[in-house]
Amino acid sequence: RRSSDLQVNQALDACGYPLCTGGVMASREAWCQSLNEWRSHALHWIHRANPEDLLKASIFFDLRALVGRADWANNLHTAITSAIAATPRFIHAWVARHLETGVALNWLGGLQAQTHEGQDIIDVKLHGTAIVVDAARILALSQGLQATSTHARLEQAGESLGIPQAEFKGWMSALDHLQLLRLKRQILVDVHAGNANQIPLADLNLLDRQMLKSAFQSIRTLQQRLEMDHTQ
């Protein structure tokens, strides 16, 4: 079984999906376990909720069934959401960790760039899309939702929590805009050897900068809502 998993991993790597540097892949023996073993791990991470546990939870709690016994994945998801509901400190700890990384805006609301190789750049994944994806996971798990896509999680959580539609739709639009920026950057030949998530400010015109700032401002409201609901 792990031999075929390794072949799939290698094929994906050849297609441009690089192997996980942390070794979190189906070809690794440590991550090929029974339903009971996964349930035990999940409960352990939830009850301890230290930084390493939260990192593993953010990876493995994003589970979904592709083929085979989908009921096993559903049973594990139910066990996870039930344990989270009974352990409020887990979500509190996850939100605290999540808030350690903010959007690329300064205290005046302007774009906050970093200098890299002589250029002012903004990492739209680290300070944008990754924040939305992580926040959507938190919202979905805290509400016991079955949704697995980020858009569906934001929409269902927004409706469940009674959040104005304009607000959670804004989070979804912000994610779409940043993903489009990343895709445009990735097709440029001169960035193939570098980090395609890093957007030089010099490449953005005034309208582009305003749209980027608006996307970050929307994502900031998402983080503020998490902070208000889970850290007060």
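Checking side-chain atoms of E37 against main-chain N and O of S34 turns up a donor-acceptor pair under 3.5 Å. Side chain of S218 to backbone of A215: no donor-acceptor contact under 3.5 angstrom is found. Side-chain atoms of T87 never come within 3.5 Å of backbone atoms of I84 as a donor-acceptor pair (strictly under, hydrogens ignored). Of the possible polar contacts, one joining the R89 side chain to the H47 backbone as a donor-acceptor pair under 3.5 Å is found.
For M25, the CE atom sits in a packed shell: over 12 heavy atoms of surrounding residues, nucleotides or ligands are nearer than 6.0 Å. By the 6.0 Å contact criterion, CG on L207 is enclosed, its count of non-hydrogen atoms from other residues, nucleotides or ligands being greater than 12.
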Stepwise side-chain contact (heavy atoms from CB on, under 4.5 Å) check, L63 with T148:
CA-CA 8 Å; L63 62 96; T148 55; over 6 Å; no
side-chain contact (heavy atoms from CB on, under 4.5 Å) between H98 and I131: does it pass, once the steps are laid out?
CA-CA 8 Å; H98 168 85; I131 291 175; 3.6 Å; yes
side-chain contact (heavy atoms from CB on, under 4.5 Å) between N197 and L126, worked out:
CA-CA 8 Å; N197 300 313; L126 177 64; over 6 Å; no
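When all heavy atoms of S27 and N9 are compared, the pair lying nearest together is OG-OD1, 2.8 Å. Between A93 and A49, the closest heavy-atom pair is CB-O, 4.1 Å. The heavy-atom pair separating A73 from A65 by the smallest distance is CB-CB, 4.0 Å. Annotation for G144 and T81: closest pair CA-CG2, 3.9 Å, computed over non-hydrogen atoms. Taking every heavy atom of both residues into account, L43 and A79 meet most closely at CD2-O, 4.4 Å. For the pair L178 and G128, the tightest heavy-atom approach, listed with the atom from each and the gap, is CD1-CA, 3.6 Å.
No path of Ile, Leu, Val, Met, Phe, Trp and Tyr side chains, each step under 4.5 Å between heavy atoms, connects L201 with M211, placing them in separate hydrophobic clusters. Hydrophobic cluster membership is shared by L161 and M172, with clusters built from Ile, Leu, Val, Met, Phe, Trp and Tyr side chains linked at under 4.5 angstrom. W38 and I46 fall within the same hydrophobic cluster, defined by Ile, Leu, Val, Met, Phe, Trp and Tyr side-chain heavy atoms under 4.5 Å apart, directly or through other members. There is a path of hydrophobic side-chain contacts, each under 4.5 Å, that joins V24 to L54. Placement of L111 and V103 within a single hydrophobic cluster is found when ILVMFWY residues are connected by side-chain heavy-atom separations under 4.5 Å, directly or transitively.
Looking at heavy atoms from C-beta onward, Q165 lies out of side-chain contact with E155 at the 4.5 angstrom threshold. Side-chain atoms of H127 and I219, non-hydrogen and from C-beta on, never get closer than 4.5 Å to each other. Taking 4.5 Å as the limit, some side-chain heavy atom of I80 sits within range of a side-chain heavy atom of L141. With a 4.5 Å cut-off on side-chain heavy atoms, W171 and I163 count as touching. Annotation: side chain of T101 is not in contact with side chain of D134 (no heavy-atom distance under 4.5 Å). Proximity of R185 to V124: side-chain heavy atoms (C-beta onward) are nowhere separated by under 4.5 Å.
R220 and Q217 share no side-chain donor-acceptor pair at under 3.5 Å. D71 and N74 are not linked by any side-chain donor-acceptor pair at a separation below 3.5 angstrom, with hydrogens and angles left out of the test.
In this structure, OG in S149 is found 8.0 Å from CD in Q156, a value given to the nearest 0.5 Å. Taken from CG in L204 to NZ in K213, the straight-line distance is 13.0 Å, to the nearest 0.5 Å. One finds the OG atom of S173 at 7.0 Å from the NE2 atom of H151 (value rounded to the nearest 0.5 Å). For the atom pair L222 CG and R225 CZ, the distance stands at 9.0 Å (nearest 0.5 Å). Between N36 atom CG and L76 atom CG the span is 10.0 Å, to the nearest 0.5 Å. Here the CG atom belonging to L145 is positioned 10.5 Å from the CG atom belonging to L154, to the nearest 0.5 angstrom.
A side chain to side chain donor-acceptor pair (under 3.5 Å) check over residues 102-112, counting only residues at least two apart or in different chains, returns nothing.
The pair R153-D62 meets the salt-bridge criterion, since a charged nitrogen lies less than 4.0 angstrom from a carboxylate oxygen.
Ring orientation note: the planes of W45 and H41 are close to parallel, at an angle under 30° on the 30°/60° scale. The aromatic rings of W94 and F61 sit perpendicular, their planes meeting at an angle over 60°, well past the 30° parallel limit.
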